[in-house]
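For reference, the structure discussed in these notes is given below.
Just the heavy atoms: all of them, side chains too, but no hydrogens, waters or symmetry mates, feed the values below. Throughout, a chain's letter reflects where its sequence line sits, starting with A, and its residues are numbered from 1.
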Number of protein chains: 2
Amino acid sequence: MPYLDKTAPVPEPVDCRILTAALDLFVERGFHNVSIHDVQKEANVSIGSIYNHFGGKEGVAKALYYHLLNEFEEMVNAVIEEDLSNRERCNKLIYQLFEYTETRRNIISYMLHAKHREFLSDEPPICSSTPFTALRNIVRNGMKKGEIRAGDPWVLAASVFGGAIRMIHLRLDGVIQEPLTDHYDEVIECMWQGMNPVEAPAAQRKQAAGQQ
Amino acid sequence: MPYLDKTAPVPEPVDCRILTAALDLFVERGFHNVSIHDVQKEANVSIGSIYNHFGGKEGVAKALYYHLLNEFEEMVNAVIEEDLSNRERCNKLIYQLFEYTETRRNIISYMLHAKHREFLSDEPPICSSTPFTALRNIVRNGMKKGEIRAGDPWVLAASVFGGAIRMIHLRLDGVIQEPLTDHYDEVIECMWQGMNPVEAPAAQRKQAAGQQ
DNA sequence: TTGACAAGAATGAACATTCGTTCTACTTTT
DNA sequence: AAAAGTAGAACGAATGTTCATTCTTGTCAA
């Protein structure tokens, strides 16, 4: 009775179903606490399909990883293309990361919160991947142009993004209750202005804050 | 022939050997890539002993976790006891964390770099443990006394320690080559003074830096 | 339009292996 | 000789992977 079944929408392709299911499960329980059989059930595919498409459990994790790294790279590149100061670029990237943490929690969790080295063999640490290198380059360029204080690139990049990344971790761990975007302004202020009590005149503060 | 064997030193107790071996292996390969049999070989004990002392694999990981949390708590408390400003306390704790990262790498790695939730069931996130709460209290007290800028405690704590923790992660991942202690001054400067290019007169800068 | 057929994708029962745990025998200590 | 600690072979459950089979899709001749 084909007419009764017309509601059947375009079914998502098998490989997409596998990746989505795997992402959800990996984030929820951790790679090693998820079996191929779990993924198979969650994705409503057969085990054979998983092996056909990805070659195995690690293959799924790897495909997921590369896919998300690519998306992240595109996001970073899009911000780099924009006509902004490097400081504004940093701010905007932090804002977008905060936003994604709220709206696409699992993606951010898999990217920034998972220990890939424990299940992806021979994978270099994520911080030496292209998008993360691009982040550091933004900081470096900001230093060159005098927008950002000069110093060791690693230290500076860690100082710029460290607070934000820490906030993301805390949010993913469930210890911060409110959406991260609520804290954006304060995080940005702390990062540019430092943790000293504010005593400078308002005008100077505003000039230096570099709000987006 | 007891005289020939006199060199045999006081043998480390069995439970210590187990914990040390487990720490090394867990940090090197990750909890899930280490089997009880691996620990048994590395520690030169029998499987039975491991079960007698810790009740199983997770028991070993849990004992290790509590033990190290305790050590960390003592370290934090020792700094709190000292007659220092809250800002100096933050600085000193960061310095000690950097130092431990160099000298007791595995301890710091297991504490700050492992995803305990993936292998310790029903364990709350480490950032809600007593020593971490104590860290936030230092920041809170600093805010009350006007030593640290006012704001949301979570954001402020993340901003104070975020950069340092990020540096530790990068060092543990092997992407930072030099000892963290080499970067201490710069990290502290960035954190208190912010990432804006330095333009303030030297005197004011020094006053605000709060060097330890 | 129908049927035959080939190529590719999907299926899932079966398999081999690994790993956490148990249990009984043995040794040391008190 | 009782108690506590150690030893390690053996077990069963869980898991990653294989592969022979079935199903789907597209093509082409009748």
Side-chain angles (χ1 to χ4, degrees), chain A residues 1-2 5-6 8-26 28-65 114 116-123, chain B residues 1-2 5 8-65 114 116-123:
Chain A
M1 36 183 134
D5 277 339
K6 268 286 170 57
V10 188
E12 239 194 328
V14 173
D15 50 352
C16 281
R17 290 219 306 278
I18 295 172
L19 288 183
T20 324
L23 176 64
D24 291 347
L25 290 172
F26 289 167
E28 190 186 316
R29 304 190 210 155
F31 178 82
H32 287 289
N33 297 316
V34 174
S35 74
I36 280 283
H37 302 273
D38 293 333
V39 177
Q40 174 256 313
K41 268 171 239 155
E42 179 87 4
N44 265 313
V45 299
S46 68
I47 290 192
S49 290
I50 299 180
Y51 277 82
N52 279 342
H53 282 276
F54 303 105
K57 190 184 174 188
E58 192 175 323
V60 175
K62 200 169 263 186
L64 205 49
Y65 181 68
H116 310 106
R117 248 113 99 83
E118 282 187 8
F119 54 89
L120 297 184
S121 48
D122 309 321
E123 201 62 42
Chain B
M1 39 180 129
D5 275 340
V10 188
E12 241 195 327
V14 174
D15 51 350
C16 282
R17 289 219 307 278
I18 295 172
L19 288 183
T20 325
L23 176 63
D24 291 347
L25 290 172
F26 288 168
V27 167
E28 191 187 316
R29 303 189 211 156
F31 178 82
H32 287 288
N33 297 317
V34 174
S35 74
I36 280 285
H37 303 273
D38 293 333
V39 177
Q40 175 256 314
K41 268 172 236 155
E42 179 86 3
N44 263 314
V45 299
S46 68
I47 289 189
S49 291
I50 298 180
Y51 275 81
N52 276 343
H53 281 276
F54 302 104
K57 190 185 173 188
E58 193 174 323
V60 175
K62 200 168 260 186
L64 206 48
Y65 182 67
H116 310 106
R117 247 116 98 85
E118 283 187 8
F119 55 89
L120 297 183
S121 49
D122 308 321
E123 201 62 41

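The NZ-P distance, from B/Lys57 to C/dT22, rounds to 15 Å in whole Å. The CD1 atom of A/Ile18 sits 13 Å away from the P atom of C/dG12 (whole-angstrom rounding). Computed from coordinates, the A/Phe119 CZ to D/dG16 P distance equals 13 Å when rounded to whole Å. Remark: P of D/dT15 and CD1 of A/Ile47 are 11 Å apart, rounded to the nearest angstrom. A straight line from NZ of A/Lys41 to C1' of D/dG16 spans 14 Å, rounded to a whole angstrom. Taking atom CZ of A/Arg17 as the reference point, atom C1' of C/dA9 lies 13 Å away to the nearest angstrom. B/Tyr51 places its OH atom 13 Å from the C1' atom of C/dC23, with the value rounded to the nearest Å. Rounded to a whole Å, the CZ atom of B/Phe31 is 12 Å from the C1' atom of C/dC19.
Among the heavy atoms of the strands lying under 4.0 Å from B/Gly48 is at least one base atom, whether or not backbone atoms are also near. Backbone-only engagement by B/Val34 is indicated by non-hydrogen atom pairs under 4.0 Å involving sugar-phosphate atoms exclusively. Counting any heavy atom pair closer than 4.0 Å across all strands shown, A/His37 reaches a base atom.
Heavy-atom distances to DNA chain D give each of B/Gln40 and A/His32 a nearest nucleotide, and the one nearer the 5′ end belongs to B/Gln40.
Side-chain N/O atoms of A/Ser46 include none lying less than 4.0 angstrom from OP1 or OP2 on C/dA10. Residue A/Ser49 places at least one side-chain N or O closer than 4.0 Å to OP1 or OP2 of C/dT11.
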Could you go through the side chain to side chain donor-acceptor pair (under 3.5 Å) check for A/Ser35 and A/Asp38 one step at a time?
CA-CA 5 Å; A/Ser35 74; A/Asp38 293 333; 3.3 Å; yes
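With distances taken from any side-chain atom of B/Ile36 to the nucleotides C/dG20, D/dT18, D/dA7, the minimum falls on C/dG20. Among C/dC19, D/dG16, C/dT21, the nucleotide with an atom closest to any side-chain atom of B/Ser35 is C/dC19.
Judged by distance alone, with hydrogens and angles left aside, A/Asn52 brings no side-chain donor or acceptor close enough to the base of C/dA9 to form a pair under 3.5 Å.
Applying the side-chain hydrogen bond (donor to acceptor under 3.5 Å, both in side chains) rule to B/Asn44 yields no partners; only residues at least two apart in sequence or on another chain are considered. Listed by chain and number, the residues in a side-chain hydrogen bond (donor to acceptor under 3.5 Å, both in side chains) with A/Glu42 amount to none (sequence neighbours excluded).
Under the 30°/60° scheme for interplanar angles, the aromatic rings of B/His32 and B/Phe119 are found to stand perpendicular.
Minimum heavy-atom separation, B/Val14 to B/Val45: CG1-CG1, 3.6 Å.
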